[in-house]
Amino acid sequence: MTDVTSSSQTPPKGRHGSLMTVDARTRKRNAAEKRFRSYGLAAISAGVLCLVALLWAILSNGLPAYKQAVVELEFNLSQEDFDSAEKALLKTSVYTKHFITGLSANLEARGVEASFDKKAVDRLLGKVGGELRAFYRENQDKLGQPVIFEVPAASRVDRYLKGTFTRDNVSEDGTRFFQQSDFDLVDAMVQAGLIRQAFNWNFITGVDSGVDNPGGAGIGASVLGSFMMMIVVLVLSLPIGVAASIYLEEFAPKNRLTDLIEVNISNLAAVPSIVFGILGLAVFIQFAGLPQSAPLVGGLVLTLMTLPTIIISTRASLKSVPPSIRDAALGVGASRMQAVFHHVLPLAAPGILTGTIIGLAQALGETAPLLLIGMVGFVARYPDSFLSGFEGPNSAMPAQIYNWASRSDAVFTEKAWGGIIILLVFLLSMNLIAILLRRRFERRW
Amino acid sequence: MYDVAFNANEVAVNQVKITARQVQVFYGDTHAIKDVDVDIDDKTVTAFIGPSGCGKSTFLRCINRMNDTIDICRVQGEITLDGENIYDKRVDPVQLRAKVGMVFQKPNPFPKSIYDNVAYGPRIHGLARNKTELDEIVEKALRRGAIWDEVKDRLHAPGTGLSGGQQQRLCIARAIATEPEVLLMDEPCSALDPIATAQVEELIDELRQNYSVVIVTHSMQQAARVSQKTAFFHLGNLVEFGDTDQIFTNPVDPRTESYITGRIG
């Protein structure tokens, strides 16, 4: 013990001094490393913070779009009422009267007093007469017995319940969309427990709607439009891209021309997407005469945009296959094509798939070229058939989101946020598929 | 004609398989092989020795035209296999490589099963008419590759899961599965441990019964152990070529002597 302390007091005489003390140079280097680590940590936490803020903004603004206020009434229409209503000249107005009676009865049954007229019902619940008629014409067996009848409330009712639309937003005289007295009626219905929040399936499956019915707008048709475009992109860009990269990587001689092509492909990957849009407008629509606003043209334009990405990633994965595999195949007398298709391509497949899916995901989120080829219009119905879906006018998810965001009604803004959630879900699942495919096909032996 | 028959009788074991005359190889502007003349006998192991970068591997790759895959590589001169010039315009290198098999420095089995590794060559050359025939070819190749006993129970296990020595013997089996006439080996033991090396060397000696084997090696002991003929390359020139015994015990050229005694290289 004493030996140890005495020896630590007299440092060894080596050229580098004692190992027990840290010299100035080492201390400096350690400090630099520590600083670098903290920079890295700071950068990562800033990134994570931004991501959290972004997700929070998207979810808090977008999730309300998936909820919708629904008015639920217990309703009982007798056979005689039905027959007389069907004989009337203005059938739906008779049904509206029945609806108003029913609503009053429901309110009274729960001990809530409210006075309202037909116009108020129109403003709050839309054309209920027509819906009631359609329901009873289809379900005539339900006549004469109590049924639960649901009508979606107008978007302003929705927003009033969510707190983004208040009495202050409406002047004393009111508008044709909303009157001060309507707030009282909504309050009464809430008090009577007639309004509940339901999941808004219409937002996912529905089509775009006009400014008078912002609550009824759905993203369904544009999801279909995006899907059609992705089919076109996949069918065109995967074979063209993979064939081009195999030729360039495995067969083409290395000379000035191939160098030039290589540089240009890399440059194309960096060309702004709006340039591809205007190219598509000039070549596909104005020159080739393809229909405007069609997912087919959108798919062609996005194919041009995706090809460089796919070619670059495919070439990278072909390059990463060890040359010894090619030598082995050629050594047993395989032709170059056999060596590529039997050995190199299967090994490069996971990389090619990943690159393709990432290229597709990029194309899915692209908006600018779609604006130029007119895929940003008002699309209020689904295509008639699968094939007409390619050439008929349609929108795409990002274009629909852009469209909604530029409308004045706040409900459309909410829809835009909601659409972003759907878009993100699609992108995340595509990336997930890319990861899973990679794991599945990667050969670790 | 009668002369040839007479000679053939005398040198029955030493029939010439490959001849090279005035072979020049260029990599771009570099003159890698200069004026190489050599005769390689059938059913003989011929070793190419020499210091690194002397061109022995390059010359080996000329014999099955593997150099064709390198864009900047040019070959001049004449190499004949059974009297036919393999650099003739009519020769398809793919067909040539079925006749001249090759084993590489680093074991490079395909990332497939052991069976598929060996069966690949026969499959693409259409050597088997059905599954049974293919099974027979694979078994025969693996037996000749001296690896059958080790892998017969796991033919469908990945070939890359074998040890380094086993992988190299699998590659040899893969090369002989296509029934080549010449087997080229480019430093086949340089990535193997001494025990695996001994097994592969033993295998090479057995292969001599059926094939003409050309082996490039860095190890002079290996050349002395396995080969009957030795060629010494230096700076792209073939310095000396002769019986292995003579090269190692009584070299004619002073450069050969210097290399063998360890003064150069």
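Since this is a predicted model, take the numbers as computed values, not measurements. In the text below, chain A, chain B and the rest are named by the order of the sequence lines, each starting its count at 1.
Comparing B/Asn117, B/Asp92, B/Asn64, B/Asp71 by how many heavy-atom pairs each has under 4.5 Å with chain A, the most go to B/Asp71.
Nearest heavy-atom pair across B/Ile124 and A/Val332 is CD1-O, 4.3 Å. When all heavy atoms are compared, the tightest approach of B/Asn108 to A/Ser324 is ND2-O, 3.0 Å. Shown here for B/His125 and A/Gly333, the closest heavy-atom pair between the two residues is CE1-O, 3.2 Å.
Atom CD1 of B/Ile72 and atom NZ of A/Lys254 lie 12.5 Å apart (nearest 0.5 Å). We find the CZ-OG distance between B/Arg97 and A/Ser335 to be 9.5 Å, quoted to the nearest 0.5 Å. Here the straight-line distance linking atom CD of B/Gln105 with atom CG of A/Asp327 works out to 11.0 Å at 0.5 Å rounding. Atoms CZ and CG, from B/Arg65 and A/Leu330 in turn, are 12.5 Å apart once rounded to the nearest 0.5 Å.
Within 6.0 Å of NZ in B/Lys131 there are more than 12 heavy atoms belonging to other residues, nucleotides or ligands. Other residues, nucleotides and ligands contribute only 12 or fewer heavy atoms inside 6.0 Å of the CD atom of B/Glu202. Within 6.0 Å of CD1 in B/Ile70 there are more than 12 heavy atoms belonging to other residues, nucleotides or ligands. Few gaps surround OH on B/Tyr87; more than 12 heavy atoms of other groups in view lie less than 6.0 Å from it. The 12-atom threshold is exceeded at CD of B/Glu206, counting heavy atoms of other residues, nucleotides or ligands nearer than 6.0 Å. Heavy-atom contacts from other residues, nucleotides or ligands closer than 6.0 Å to CZ of A/Phe251 number more than 12.
Aromatic rings from B/Phe110 and A/His342 are positioned such that their centres are separated by 6.0 Å or more.
In this structure, chain A has a heavy atom under 4.5 Å from the backbone of B/Pro109, while its side chain stays farther away.
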